[in-house]
Amino acid sequence: MRPFRTRIAAFAFLGTSIWLSGAVWPDELPKGPEEDGTKPALTRIAGEGFMNSHAYQYLTELSDDIGSRVTGSPAERKAEEWGAARMKAIGLENVHLEKYAIWKGWTRGMAEAQLLSPTAHRLHIDSMGWTGSTVAGGAEGDVVTANIFDIDEEIKNVSRFRGKIVLVTQQGRPKKSFMMLFASFGDFLKAAHDAGAIAVIGGQGGSKSQGLNLTHTGILGFDNDYAIPVVSMTAEDQGQLERFIARGITPRMRINVQNTMSSGPVETANVVGEIRGTEHPEQILVVGGHLDSWDLAEGTTDNGSGIATTLGAADAIVRSGQKPRRTIRFVLFTGEEQGLDGSFAYVKQHASELSNHLGDLILDEGQGPVTDFMLGGRDDLIPAFQPFVAALGNVRPLKVNDKVESGTDTLPFSIAGLPGISMNQDTSEYKYTHHSAADALEAQKPEVLTQNATLMAVTAFWIADRPERFAAPWPAERTARMLRAQGEYEELKAFNIWPYGDLGAGDKDTK
Ligand SMILES: [Zn+2]
């Protein structure tokens, strides 16, 4: 989801010193594939994954034949059917759709803009998701700036935006964390709309759009919609507007934005298929990515790559003939881009069996190679995971840390006290394709996809098949403390999805 891509996960390299210190007996050491008996199966799965991969074929079908698939749209519903058909063809068991509804549907219409003075030319804009429209035919207005770093003051003085087109900028130093500014941004949009502003140019929260002449769409919060049109503008056009304003020149422009919001909730569904466990079928590892996408291109890297990785991993395991001790449940989530709605729905629909879950394993950082595993808050699992990544050292140098990834379908699992494991990736190219018109098949290198799918296959199988159960949910108090320690409290509270009240606050920092 990642409305503004500024939060970069911190990498913590965690060494192996705890079991080299001599304080632990060798036979108590966590076992990797070499010692725990999983290596022969992993070797066969890796062979299928590397030599017989269909991941790029899946990605091509999803990108070219289905294309963009906004949650609740006809194309997204078609993608669900495609995903279920692929799962059946792969040979997964118990393939089905798990329906739920999101609060509202949204359809993009036109977004056009022209600079009228001091020079005249076309401006490049696209609507942010779940935002509104100008009057029919568009409107003309002067461009005035609002400083997001001083958002609370801007809300107080919002009447000055009446009849204006508001350009969001960043001036000086932020007075709050970026996520807190983002949470207040919604209040600003409502106030600006009520005050009679024409539109807001602010998809990037005042920073410049990444890439040459690219806009980046996205949602503005968790399950939030706004009546005012909010657009993303290319860095080139925004830069020119800012330079004029800095020189005391007020640009004048015309903007015409037409979007459609549904009057009520719309239906969507997660797509589910399984490889049932042989010894503990009731114990479940969820493996997946998100099927929905934005709609400026084909949604290849966000998150077609994750879907192709997931299906490619399932395919490699099934064709290897290897059966895990516990169930691997592949889930193609929808509603991710609107606020992780599919994974929140999953956790709700499966509440009674969550205690039997081992966690979830998600790939949703684009097209790059996997760099590290983020264990979603579960520092207790690092010693067990370390020998596994060490065993993959000849495939890729991989690291493991306990960070929570709150920008994708890992978060609902981390909130539930389970390891929401993110297969973090090199995002040097994703920053351009993320939610932009460049998110097409050209962005994904097939050999990287094959490697990522194979890594997901062996990781899923190892977690599900190792003799000892990998993880069980933490109690609420321990989970709440962990989320606070990782800085998630502030953000989740700001977006009204913090579920733990004062739990875990301790005596020093009850907020
Ligand atoms: Zn995504």
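Whatever order the structure lists ligands and atoms in, that order sets their numbers, starting from 1. The structure displayed is predicted, hence computed values, not measured ones. Hydrogens, waters and symmetry mates play no part in the numbers below; they use all other heavy atoms, side chains included.
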Q) Given OD2 of Asp364 on one side and NE2 of His290 on the other, what angle do they make at the Zn ion (ligand 1), to 10°? A) 90°
Is the distance between the ring centroids of [X] and [Y] under 6.0 Å?
X: Phe222; Y: Trp103; result: no
X: Phe495; Y: Phe182; result: yes
X: His193; Y: Phe188; result: no

Taking both backbone and side-chain atoms into account, decide whether [X] has an N/O/S atom under 2.8 Å from the Zn ion (ligand 1).
X: Glu336; result: no
X: His434; result: no
X: Glu337; result: no

Q) Should Arg77 and Glu80 count as an ion pair when the cut-off is N to O under 4.0 Å? A) yes
Q. Any chance the side chains of Thr433 and Thr301 put a donor and an acceptor closer than 3.5 Å?
A. yes
**Q.** Name of whichever N/O/S atom of Asp302 is nearest to the Zn ion (ligand 1)
**A.** OD1
